[in-house]
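Okay, structure first, notes after.
Counting convention: from 1, in listed order, for ligands and their atoms alike. Being a predicted model, the structure only gives us computed values, none of them experimental.
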Amino acid sequence: MAMDAEKLKLGFIGAGSLARSLSAALARKGFTVTAVASRSLASARIIETGITDCRAFASLQEAAGSCDLVFITTPDSAIAEVASKVEWRPGQMVVHTSGADSADLLKPAADMGAATGVFHPLQTLTGTGRSGNPFRGITITIEGAKPLLDVLCRIAERLEADPLELKPEARVLYHASAVIASNYLTALASLACRLWQEFGYRPERALQSLLPLMRGAVTNLEQTGLPECLTGPISRGDIATINRHLQALDETFPLHAGVYRSLGLATLDIARQKECLLPGRAGEIEHILTDKENHHANNHAEK
Ligand SMILES: NC(=O)c1ccc[n+]([C@@H]2O[C@H](COP(=O)([O-])OP(=O)(O)OC[C@H]3O[C@@H](n4cnc5c(N)ncnc54)[C@H](OP(=O)(O)O)[C@@H]3O)[C@@H](O)[C@H]2O)c1
């Protein structure tokens with residue numbers, strides 16, 4: 001018989017950013033969040049204060065013991081340790097929320113008879129802003145055997161998220177993809193802002209001007225899609241401009257020059273798919289973008 005997710009007693013071990021966002025959203029959707037414990041009682045109390053009938057425990061065991069489904073929401077490095085510290089009941093459900101690890105990390109709990117799984121919201125959550133629903137429209141990747149998988153699916157759906165089952169072996173590439181899409185976007189913004197200092201503007205001012213451009217690119221991705229949304233000198237085959245960029249970056253910003261070349265090649269792939277370049281132009285651009293790399297490689301080899 002299907003388990004009624006709304007009737008389960010839910011608990012959290014680890015009261016940081018994700019736990020704050022998730023526990024508050026679950027409570028708002030009518031789920032029963034009954035227990036929370038963390039490394040410090042003070043953090044657990046922050047969650048307790050915001051949710052009626054939720055109790056903060058000093059003991060991880062007591063918090064876990066009082067729940068049907070426990071979310072381990074510690075940093076990734078503490079998940080296995082927490083899973084092995086607690087005595088789990090057979091049939092109890094325990095999931096972690098890490099993107100990079102499979103449910104294997106919870107083997108100590110599985111060995112005690114608990115049903116183990118993963119519930120990873122593909123979003124960056126700060127734990128602030130308790131109103132609104134930060135899970136609406138996002139993907140939550142889930143892993144586990146039935147009936148736990150159905151429970152996780154139901155929870156994701158009630159949060160208005162899109163549940164997606166992921167096999168354990170897919171986790172590493174999946175998480176690498178998330179890092180590229182999120183953290184590297186941040187890194188790209190930082191690199192772009194750094195160049196503005198060269199012509200006299202502070203990074204804050206640069207970001208203010210670059211953000212609408214970045215938002216525009218994301219909107220185009222969303223509305224027009226790949227590869228058609230690509231614009232810029234590579235998509236136009238503007239070789240003189242690309243050369244001038246590289247010359248300027250090579251002189252002063254080796255890190256920027258390397259990133260420009262690597263991502264230039266990725267951009268060229270999109271331009272090829274879009275079939276927007278004149279015959280022979282893609283090969284010329286590829287030559288410009290790889291030429292310096294080869295030169296660097298030769299230099300390294302000689303050292
Ligand atoms: N934040 C996100 O955007 C996000 C998104 C998706 C997935 N995740 C995943 O969610 C998990 C939590 O991430 P987070 O960003 O919420 O981390 P975080 O803000 O650093 O919070 C981690 C919490 O765990 C507690 N803790 C640390 N070691 C512990 C231990 N040994 N026993 C019990 N509690 C312990 C901390 O303690 P005290 O506060 O009590 O000192 C803190 O409250 C990670 O697996 C992460 O990969 C996070």
Side-chain angles (χ1 to χ4, degrees), residues 10-26 33 35-51 54-67 69-88 94-109 116-130 132-144 152 155-156 159 161-164 166 168 170-186:
L10 310 182
F12 285 82
I13 295 183
S17 311
L18 179 106
R20 282 176 210 175
S21 298
L22 183 57
S23 61
L26 287 170
V33 180
V36 55
S38 197
R39 190 171 43 190
S40 70
L41 190 57
S43 294
R45 287 227 193 278
I46 295 173
I47 289 185
E48 179 190 51
T49 308
I51 301 176
C54 175
R55 190 173 151 201
F57 289 84
S59 142
L60 306 190
Q61 182 63 56
E62 279 186 51
S66 68
C67 297
L69 167 57
V70 177
F71 292 87
I72 299 182
T73 46
T74 62
D76 296 1
S77 55
I79 295 170
E81 179 207 323
V82 167
S84 63
K85 258 199 217 161
V86 171
E87 224 167 280
W88 305 96
V94 50
V95 298
H96 70 67
T97 56
S98 161
D101 294 289
S102 74
D104 291 349
L105 209 53
L106 303 173
K107 188 173 179 307
T116 58
V118 182
F119 185 88
H120 177 251
L122 187 54
Q123 181 55 287
T124 135
L125 300 156
T126 58
T128 54
R130 285 170 159 246
N133 175 8
F135 299 91
R136 181 178 299 133
I138 73 165
T139 289
I140 297 183
T141 51
I142 55 176
E143 180 190 322
L152 299 179
I155 292 175
L159 289 170
D162 179 19
L164 183 73
L166 212 61
R171 281 277 155 200
V172 176
L173 284 185
Y174 157 75
H175 196 244
S177 151
V179 167
I180 291 172
S182 172
N183 304 150
Y184 287 9
L185 185 66
T186 309

Please list, one pair per line, the donor and acceptor atoms closer than 3.5 Å that link side chains of residues 95-103 to other protein atoms, with sequence neighbours excluded.
residue: His96; atom: ND1; partner: Ser98; partner atom: N; Å: 3.0
residue: His96; atom: NE2; partner: Asp101; partner atom: O; Å: 3.4
residue: His96; atom: NE2; partner: Ser102; partner atom: O; Å: 2.9
residue: Ser98; atom: OG; partner: Asp76; partner atom: OD2; Å: 3.3
residue: Ser98; atom: OG; partner: Ala100; partner atom: N; Å: 3.2
residue: Ser98; atom: OG; partner: Asp101; partner atom: N; Å: 3.4
residue: Ser98; atom: OG; partner: Asp101; partner atom: OD2; Å: 3.1
residue: Ser102; atom: OG; partner: Asp104; partner atom: N; Å: 3.1
residue: Ser102; atom: OG; partner: Asp104; partner atom: OD2; Å: 3.4

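Annotation for Val82 and Trp88: closest pair O-CZ2, 4.5 Å, computed over non-hydrogen atoms.
Residues Cys67 and Phe12 have side chains not in contact (no heavy-atom distance under 4.5 Å, counting atoms from C-beta outward). With contacts defined as side-chain heavy-atom distances shorter than 4.5 Å, the pair Thr141/Arg171 qualifies.
Applying the 6.0 Å contact sphere to CD of Glu87 captures no more than 12 heavy atoms from other residues, nucleotides or ligands.
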| task | Apply the test side chain to side chain contact (heavy atoms under 4.5 Å, CB included) to residues Phe119 and Leu69: give CA-CA distance (whole Å), side-chain angles for both, the deciding distance (0.1 Å), then the verdict. | result | CA-CA 12 Å; Phe119 185 88; Leu69 167 57; over 6 Å; no

One line per pair, note the atom names and distance for all nitrogen or oxygen contacts under 3.5 Å between ligand 1 and the protein.
residue: ligand 1; atom: 1 (N); partner: Leu125; partner atom: O; Å: 3.1
residue: ligand 1; atom: 3 (O); partner: Leu125; partner atom: N; Å: 2.7
residue: ligand 1; atom: 3 (O); partner: Leu125; partner atom: O; Å: 3.3
residue: ligand 1; atom: 10 (O); partner: Thr97; partner atom: OG1; Å: 2.9
residue: ligand 1; atom: 16 (O); partner: Ser17; partner atom: N; Å: 3.2
residue: ligand 1; atom: 16 (O); partner: Leu18; partner atom: N; Å: 2.8
residue: ligand 1; atom: 19 (O); partner: Ser17; partner atom: N; Å: 3.0
residue: ligand 1; atom: 19 (O); partner: Ser17; partner atom: OG; Å: 3.1
residue: ligand 1; atom: 34 (N); partner: Arg39; partner atom: N; Å: 3.1
residue: ligand 1; atom: 37 (O); partner: Ser38; partner atom: OG; Å: 3.4
residue: ligand 1; atom: 37 (O); partner: Arg39; partner atom: NH2; Å: 3.4
residue: ligand 1; atom: 39 (O); partner: Ser43; partner atom: OG; Å: 2.6
residue: ligand 1; atom: 40 (O); partner: Ser38; partner atom: OG; Å: 2.7
residue: ligand 1; atom: 40 (O); partner: Arg39; partner atom: N; Å: 3.2
residue: ligand 1; atom: 40 (O); partner: Ser40; partner atom: N; Å: 2.8
residue: ligand 1; atom: 40 (O); partner: Ser40; partner atom: OG; Å: 3.0
residue: ligand 1; atom: 40 (O); partner: Ser43; partner atom: OG; Å: 3.3
residue: ligand 1; atom: 41 (O); partner: Arg39; partner atom: NE; Å: 3.1
residue: ligand 1; atom: 41 (O); partner: Arg39; partner atom: NH2; Å: 3.0
residue: ligand 1; atom: 43 (O); partner: Ala15; partner atom: N; Å: 3.3
residue: ligand 1; atom: 43 (O); partner: Ala15; partner atom: O; Å: 3.4
residue: ligand 1; atom: 43 (O); partner: Gly16; partner atom: N; Å: 3.1
residue: ligand 1; atom: 43 (O); partner: Ser38; partner atom: OG; Å: 3.4
residue: ligand 1; atom: 45 (O); partner: Thr74; partner atom: O; Å: 3.3
residue: ligand 1; atom: 45 (O); partner: Asp76; partner atom: OD1; Å: 2.5
residue: ligand 1; atom: 47 (O); partner: Asp76; partner atom: OD1; Å: 2.8

